Amino acid sequence: MNNAYAALDSLLDPSIEDIIGIVAECNQLSSADLIDRSRKPHIVEARDDAIAEAYVRLRGTSLTDIGIAFGSRNYAAIKKSLMRRDLEVPVSGIIDREAVATDGRGGMSIEDIAHKHHCSRWSVRKILYEAKVSAKKTLASEAT
């Protein structure tokens, strides 16, 4: 893993894709292996390393965005991966239910609302249901 740190340190502004590629290469895997759903221990270890590197090096990136880059993993999966690396993840707090309902009334998709408020799609659906707001599932469904 020391080679990965050296390679990452040489990059001025690494992207998540750069981090995935370098950690995969150092672990003799492909980038696709880290993004895949495999639970093989050596792949999970490498994936956790890459997620931790992305979190530490890209502080402005949300856990949701990191999860998307790692094969559409959710916030909880990324948080669990970081906890396995003994990295403390700040608690985002309570979801602003009224803001979620307002965004739903405004026509935002469930995915966009979940991303904006750093919560799960399931939470958004529940809040919108309780607020009696119908929501769009995706922006692609609006085009059809």
Side-chain angles (χ1 to χ4, degrees), residues 1 4-5 7-9 11-144:
M1 195 60 195
Y5 293 126
L8 285 170
D9 288 339
L11 295 175
L12 294 176
D13 190 20
S15 67
I16 292 177
E17 291 78 18
D18 293 334
I19 293 170
I20 291 170
I22 290 170
V23 172
E25 184 180 320
C26 289
N27 286 283
Q28 299 167 347
L29 300 168
S30 70
S31 295
D33 290 334
L34 294 186
I35 295 171
D36 193 28
R37 295 280 179 202
S38 175
R39 291 184 174 181
K40 293 179 182 175
H42 69 283
I43 293 176
V44 171
E45 288 294 315
R47 185 183 305 126
D48 287 349
D49 288 341
I51 288 170
E53 283 299 314
Y55 177 71
V56 169
R57 292 178 185 270
L58 307 172
R59 282 293 181 178
T61 307
S62 71
L63 297 188
T64 302
D65 288 338
I66 294 171
I68 289 168
F70 280 90
S72 297
R73 286 179 165 73
N74 64 22
Y75 172 91
I78 299 304
K79 184 175 178 180
K80 185 175 181 181
S81 179
L82 293 172
M83 290 171 63
R84 285 193 296 261
R85 292 290 175 255
D86 295 325
L87 291 171
E88 193 168 320
V89 181
V91 178
S92 61
I94 298 172
I95 301 169
D96 185 350
R97 299 171 81 79
E98 188 55 42
V100 169
T102 301
D103 289 340
R105 287 186 199 101
M108 286 180 72
S109 70
I110 291 172
E111 289 81 8
D112 289 341
I113 295 169
H115 180 75
K116 178 179 178 182
H117 295 280
H118 302 288
C119 59
S120 69
R121 291 184 300 262
W122 183 89
S123 297
V124 170
R125 282 190 210 102
K126 182 177 179 195
I127 291 167
L128 294 178
Y129 175 79
E130 290 171 354
K132 297 182 170 104
V133 175
S134 63
K136 294 177 176 47
K137 292 195 178 202
T138 63
L139 291 175
S141 66
E142 295 175 26
T144 58

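Small disclaimer: the values here were computed from a predicted structure and weren't measured.
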To the closest 0.5 Å, what do you measure between [atom1] ([X]) and [atom2] ([Y])?
| X | Y | atom1 | atom2 | result |
| --- | --- | --- | --- | --- |
| Ser62 | Lys116 | OG | NZ | 14.0 Å |
| Leu87 | Glu53 | CG | CD | 9.0 Å |
| Arg37 | Asp33 | CZ | CG | 14.0 Å |
| Thr61 | Ile78 | OG1 | CD1 | 12.0 Å |
| Ile19 | Phe70 | CD1 | CZ | 7.5 Å |
| Lys79 | Ile66 | NZ | CD1 | 13.5 Å |

Can you check side chain to side chain contact (heavy atoms under 4.5 Å, CB included) on Arg125 and Ile110, steps first, answer last? CA-CA 7 Å; Arg125 282 190 210 102; Ile110 291 172; 3.6 Å; yes

Write down the atom of [X], the atom of [Y], and the distance for their closest heavy-atom approach.
| X | Y | result |
| --- | --- | --- |
| Ile16 | Ala69 | CG2-CB, 3.3 Å |
| Ser81 | Asp48 | OG-OD1, 2.5 Å |
| Ser38 | Ile43 | OG-CD1, 3.6 Å |

Side chain to side chain contact (heavy atoms under 4.5 Å, CB included) evaluation trace for Glu88 with Met83: CA-CA 7 Å; Glu88 193 168 320; Met83 290 171 63; over 6 Å; no

If the test is side-chain contact (heavy atoms from CB on, under 4.5 Å), which one of Ile51, Ile68, Leu82 qualifies with Leu63? Leu82

For Leu34, the side chain to side chain contact (heavy atoms under 4.5 Å, CB included) test, sequence neighbours excluded, returns Ile20, Val23, Ala24, Leu29, Ala46, Arg47, Ala50

Can you sort out the partners of Glu98 under side chain to side chain contact (heavy atoms under 4.5 Å, CB included), two or more places apart, ordered by chain and number?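 In terms of side chain to side chain contact (heavy atoms under 4.5 Å, CB included), with neighbours along the sequence ignored, Glu98 is linked to Asp96, Thr102, Arg105.
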
For Ile35, does its backbone N or O pair with a side-chain atom of Arg73 as donor and acceptor, under 3.5 Å? yes

With side chain to side chain contact (heavy atoms under 4.5 Å, CB included) as the criterion, how do Asn74 and Arg121 come out once you've worked through the C-alpha distance, each side chain's angles and the decisive distance to 0.1 Å? CA-CA 9 Å; Asn74 64 22; Arg121 291 184 300 262; over 6 Å; no

List the steps, then state whether salt bridge (Lys or Arg N to Asp or Glu O under 4.0 Å) holds for Arg85 with Glu45. CA-CA 10 Å; Arg85 292 290 175 255; Glu45 288 294 315; 2.9 Å; yes

Would you check if Ile113 and Leu128 make a side-chain contact, meaning some heavy-atom pair closer than 4.5 Å? yes

Is any side-chain heavy atom of Ser15 closer than 4.5 Å to a side-chain heavy atom of Asp18?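 In contact.
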
For Gln28, does the CD atom sit with more than 12 other heavy atoms under 6.0 Å from it, leaving out its own atoms?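 Open: at most 12 neighbouring heavy atoms sit under 6.0 Å from CD of Gln28.
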
